[in-house]
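Chain letters run A, B, ... following the sequence lines, proteins first and then strands; every chain starts at 1.
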Amino acid sequence: MKISFIPIDYDYFDFQGRNYVKVIGRSKEGKKICLIDSCDVYFWAILKDGLNENEINSLIEKILGIQLDVKGRKTKVEKVELVDKKFLGKDVKALKIFATNYKDLHDIVDELGFDEIEKRRGYDLGFVTHYIIEKKINPLCWYEIEGEILDNSLEFGEIGKYLDVDLCIKLKNYEKIEEKKFSPKVLAYDIETDGIKIGEGEILMVSLVSENFKKVITWKGKESLKEDYVEHVKDESELLEKFVEYVRKISPDFLTGYFSDGFDLPYLKSRADKLGVKLSLGIDDSQPKFSRGKMMTGKINGIVHVDLLRFIQTAYSQYMKSETLSLNEVANEFLGDSKKDFEHKHSSEIKKGEWGIYFDYNLHDSVLTYNLFQKFWPDLLEFTRIIREPVFEISRAGLSKYVESYMLHRLEKFNEIPEKRPTYNEISERKHRGKVKGAFVLEPTPGIYEDLVFFDFTSMHTSIIISFNLSRGTLLEKKKKDCYESPEIEIGNDKKRFYFSKEPGFFPELLKEIFNKRKQFKSEYKNEPNKITKARSNAFKLLSASVHGYIGFFGARYYSWEASSSILAFVRKFNIDAIERIKKEGHQVIYGDTDSIAFLRNGKSKSEVKDLLKKINSELPGIMELELEDFYKRGIWVTTRTGEFGAKKKYALIDEEGKFKIRGFETVRRDWCALAREVQNKILLMILKEGNEEKALEYIKKVSKKIKERKIDLKEIVIQTQLKKPLGEYRSITPHVVAARKIKERGMPISPGTLIKYYISETEGKKKLVRDKVKLLDEEGKYNIEYYLEKQILPAVENIFQVFGVDVKDIIKDKKQRTLGDF
DNA sequence: GGTCCCTAGATACC
DNA sequence: ACAGGTATCTAGGGACC
């Protein structure tokens, strides 16, 4: 019997000392299937150059004799083969050393301190990754499989009997087949509790949302108006049991929550432990397992637990408008939907009539999570397919893991042996080597300009890596006759160049694939602009842009200070060259940052500009490409606060359709109060639309009057700042630290990541410091007129008006006039 | 108590 | 530790008068 099958999750177990993989997935017909499979277990010993046959044979004999008894497990070297391989692009002779159990490879490696062996590699990938590489049963790709059905078999300790799947198959044959549509079964969940710390208070309710399925399980508010999605149970224990029952009945591919790694799942587990309920969510009846890293991670056997927040953090946060990654804001941005209104309070304070609202609130959180999962699914799918790690990992990993896994899964094509993870000592050496000099930013001349053009390089770092074959493996020890040469790089007081082979390296070659995906999704977005094509385009832009960061990241297997420095040196060179080239054509260049150039049309037509672009492109090497970002009707650049220089990374533009683009200004910074941000935003828009400052000046007069008359709402003057580390670690006591202390005193939870909200009030006495005037939002007080005028409004608008030679200081402060008016 | 300079800290840009 | 460097800006911290 042949079955079309899509792998979703991977797990492994030991049976009689050997490793077996469980691949959980679906058949085309929607049946949940568990494949049992195994693969060769081995690692590599790279031999020193120039060993003769006898030396190699006697080495192999020695290695074959290795037998270990580790952790009660007998393991041995089963087989050794001599193979021609490559390591970092160089030809090497290597021994492929087969062993019984993957977990023992480290111990065998430790026994291999022979002089003939130069390096030992390929033992630190993790068994699942090793398996996927070995067998090429890639996640979320379709296969036609054949095998022995184990449902009633005694094999593997009767695994087929106790696994909660439709079919359990011992894999015999498989073949990759063409892609089919796959709509995963998704179940979203969310809990409401009386506690904030994990397991502290009771769980009041849990909501579950799947396709055509909505449920709130609760043991509270029985008297309340009964909605048909509400299911009442006896108590909290029964709630937990019912939750498990529904999850098992629905048997989803994905169980998804929002911040559920950090809250919902550990909370459920903790309460279940306290109440003696087994949270047997796994297909093998196992309970969720938590691993502690920087972030806690909750894993369920056979169901992929996806904390959407984690995926959004890595894949989208840099491209989002939302200022926080709260469910509400993210849902707003991607779904145009919000959380329902409900003011959280302890269950003892909830009135009878309010429970219905609470249930609805709880349900809607799961609805939002479910819908968000569906929105992001195409991206999660694409990332998983291209990176080839299980969805569970993809949904949680950082960018370095994305890049690295992409490479590791494709080394075989190049006959490459994988590099190992750096050791602790190597990491600290890398950290101490000194920063790589970064990109070039052109200082703008402050002013307001008309008819602007923005050019930018397409995936600049990536195209440089590809075009100049830059990587650790292609770095040459010294200059060769025919090689790529980096621009001069300053090292201390020295200048140096690095040289790279022209023989294509596996790393730059592999990058091409990412680069092409990026191109494909970008044009897809252009043809069909919507939130999702945009998100996907941005996601791959991010992956593509992360590769040079990966090379410079000290934890990377393929870290290279030399390659990283060279990439940045090329980035600087090409941007500066392009600036000069555009100047030479008679354009005034206003600004440039890393891979972009802004310049004036200076009377030239758009098609002349496009011709210039073509000309420049024909002169660029390799796959490097400069593209037209857009034409802009008007743009403004200001000075820095001190007024000495043109400010970098701060500008505002209006395009020809009247769309605004604002970068770096207080308007886009969340640590400024809404009032200052709105005022600055309005002023920028007026100025960009009209091309003069008159209206804006009128407006600013009105606003400062309103402030002085205390007519500003509290929510307009709230300042919010994120706590970035534990409260005790702050060396300087800033306003937001003071505010955070106040919150803590009230017994409210704060931790790194919490947004601290406060306002600055009038104070009696001679308190000078801002932090002495900090008040929380519910603390009574009058806002500090002077502070908001001089420290929020004035700095936000002062240097914008300065561009027109207008000094707004007196207009805003206006102290004399106020005194006169008072009489 | 005020001024100057420097640093810590947060956030943005690419 | 979990992609990088460049940059702006505020408020605190400390030296000095």
Side-chain angles (χ1 to χ4, degrees), chain A residues 293-295 310 313-314 318-319 323 393 396-405 421-422 424 427-428 430-431 434-444 456-457 459-461 541-559 561 564-565 567-568 571-572 575 591-596 629 638-642 644-651 661-672 676 719-725 729-738 752 755-756 760 766 768-774 787 790-792 795-796 798-799:
Chain A
K294 194 183 159 206
M295 286 264 265
R310 305 271 302 261
Q313 246 165 3
T314 344
Q318 292 192 36
Y319 294 98
E323 278 165 17
E393 270 71 32
R396 286 171 179 79
L399 293 165
S400 70
K401 170 93 179 171
Y402 279 15
V403 173
E404 191 156 276
S405 298
R421 270 194 230 111
Y424 186 81
I427 287 178
S428 72
R430 291 173 180 188
K431 277 192 197 164
K435 269 190 185 177
V436 167
K437 194 181 167 195
F440 167 74
V441 187
L442 178 70
E443 187 193 319
D456 60 24
F457 283 92
S459 300
M460 191 180 203
H461 302 77
K541 178 180 177 176
L542 184 64
L543 183 62
S544 169
S546 303
V547 174
H548 95 273
Y550 170 83
I551 295 175
F553 167 50
F554 47 76
R557 288 173 196 252
Y558 294 103
Y559 169 88
W561 193 91
S564 184
S565 299
I567 295 163
L568 268 317
V571 167
R572 291 190 293 271
N575 201 0
Y591 180 62
D593 185 348
T594 309
D595 57 357
S596 72
E629 198 259 337
V638 298
T639 64
T640 58
R641 179 120 308 282
T642 56
E644 290 169 274
F645 313 100
K648 298 168 178 180
K649 299 187 188 286
K650 262 181 117 167
Y651 57 90
K661 183 168 167 179
I662 297 178
R663 293 288 123 97
F665 275 109
E666 284 76 5
T667 299
V668 297
R669 295 183 59 94
R670 70 167 180 200
D671 53 348
W672 284 70
I719 297 166
Q720 44 176 5
T721 314
Q722 194 181 31
L723 214 56
K724 300 288 257 189
K725 50 186 183 184
E729 283 176 25
Y730 280 90
R731 279 198 276 167
S732 65
I733 309 308
T734 55
H736 87 291
V737 171
V738 171
L755 265 191
I756 308 295
I760 305 304
K766 289 180 194 167
K768 273 272 154 65
L769 296 175
V770 178
R771 67 174 173 216
D772 296 327
K773 301 173 188 174
V774 164
Y787 175 82
E790 293 183 21
K791 299 291 182 181
Q792 291 279 328
E798 195 175 21
N799 35 20

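- Contacts of Y730(A) with the nucleic acid, taken as non-hydrogen atoms under 4.0 Å apart, involve only primed sugar atoms and P, OP1 or OP2.
- Using a 4.0 Å cut-off, no side-chain N or O of R670(A) falls inside it from OP1 or OP2 of dA12(B).
- Between the NE2 atom of H736(A) and the C1' atom of dA8(B) there is a distance of 10 Å, rounded to whole Å.
- Put simply, CD on E729(A) is 10 Å from P on dG9(B), counting in whole angstrom units.
- More than 12 heavy atoms of other residues, nucleotides or ligands lie within 6.0 Å of NZ in K661(A), so this atom counts as buried by the packing criterion.
- Remark: C1' of dT8(C) and CD of E798(A) are 15 Å apart, rounded to the nearest angstrom.
- Residue Y787(A) places at least one side-chain N or O under 4.0 Å from the OP1 or OP2 atom of dA11(C).
- When each of L769(A) and N799(A) is assigned the nucleotide of DNA chain C bearing its nearest heavy atom, the one mapping closer to the 5' terminus is N799(A).
- Contact annotation: Q722(A) side-chain N/O to dT11(B) OP1/OP2 distance is under 4.0 Å.
- Regarding contacts with the backbone of dG9(B), every side-chain N or O of R771(A) stays at 4.0 angstrom or more from both OP1 and OP2.
- For dG4(C), the OP1/OP2 oxygens have no side-chain nitrogen or oxygen of K437(A) closer than 4.0 Å.
- Using a 4.0 Å heavy-atom cutoff across all strands shown, W672(A) reaches sugar-phosphate atoms only and no base atom.
- When all heavy atoms of G552(A) and Y559(A) are compared, the pair lying nearest together is O-CE1, 3.6 Å.
- Contact between K768(A) and K773(A) at its shortest, heavy atoms only, is O-NZ, 4.0 Å.
- Under the side-chain contact (heavy atoms from CB on, under 4.5 Å) criterion, K648(A) pairs with V441(A), E443(A), P444(A), Y591(A), not counting sequence neighbours.
- Atom P of dA1(C) sits at a distance of 16 Å from the matching atom of dG5(C), rounded to the whole Å.
- Between S732(A) and the phosphate of dA8(B), there is no side-chain N or O to OP1/OP2 separation shorter than 4.0 Å.
- Side-chain nitrogen and oxygen atoms of R663(A) include at least one within less than 4.0 Å of the OP1 or OP2 phosphate oxygen of dC14(B).
- Contacts of G549(A) with the nucleic acid, taken as non-hydrogen atoms under 4.0 Å apart, include base atoms.
- Taking atom CZ of residue F553(A) and atom P of nucleotide dC2(C), one finds them 7 Å apart after rounding to whole Å.
- At whole-Å resolution of the value, CZ in R572(A) and C1' in dC14(B) are 15 Å apart.
- Residue contacts shown for V436(A) are limited to sugar-phosphate atoms, with no base heavy atom under 4.0 Å away.
- Counting non-hydrogen atoms under 4.0 angstrom, F554(A) reaches the backbone sugars and phosphates but no base.
- Between K649(A) and dA7(C), a side-chain N or O to OP1/OP2 separation shorter than 4.0 Å is absent.
- For the pair D456(A) CG and dC14(B) P, the interatomic distance rounds to 9 Å; values are reported in whole Å.
- Considering only side-chain atoms of P795(A), the nucleotide from dA3(C), dC9(C), dT10(C) that sits closest is dT10(C).
- Within 4.0 Å (heavy atoms only), K401(A) reaches no atom of the nucleic acid at all.
- Residue-to-nucleotide contacts include a donor-acceptor pair under 3.5 Å from the side chain of R669(A) to the base of dT11(B).
- Here I733(A) lies in heavy-atom contact (under 4.0 Å) with sugar-phosphate atoms only.
- A sub-4.0 Å separation between OP1 or OP2 of dG4(C) and a side-chain N or O of H461(A) is absent.
- Listed candidates were dC13(B), dT8(C), dT11(B). Nearest to the side chain of V668(A) is dC13(B).
- Nearest heavy atoms, Y730(A) versus K724(A): OH-N, 2.9 Å.
- Between Y651(A) and dC14(B), a side-chain N or O to OP1/OP2 separation shorter than 4.0 Å is present.
- The NZ atom of K431(A) sits 13 Å away from the P atom of dA3(C) (whole-angstrom rounding).
- Distance I427(A) CD1 to dC2(C) C1': 9 Å, rounded to the nearest Å.
- Considering only side-chain atoms of K725(A), the nucleotide from dT11(B), dG9(B), dG2(B) that sits closest is dG9(B).
- Taking every side-chain heavy atom of K648(A) into account, dT8(C) is the closest of dA8(B), dT8(C), dA12(B).
- R430(A) and A556(A) make their closest contact through NH1-O, 2.7 Å (heavy atoms, listed as atom of the first residue, atom of the second, distance).
- Between K650(A) and the phosphate of dA7(C), there is no side-chain N or O to OP1/OP2 separation shorter than 4.0 Å.
- OP1 and OP2 of dA8(B) both lie 4.0 Å or more from every side-chain N or O belonging to K724(A).
- Contact between F457(A) and N575(A) at its shortest, heavy atoms only, is CE1-CA, 4.2 Å.
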As a quick check of understanding, evaluate side-chain hydrogen bond (donor to acceptor under 3.5 Å, both in side chains) for T642(A) and T640(A), giving each step before the final call.
CA-CA 5 Å; T642(A) 56; T640(A) 58; 3.2 Å; yes
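- With hydrogens and angles left out, the side chain of E404(A) and the base of dA3(C) share no donor-acceptor pair within 3.5 Å.
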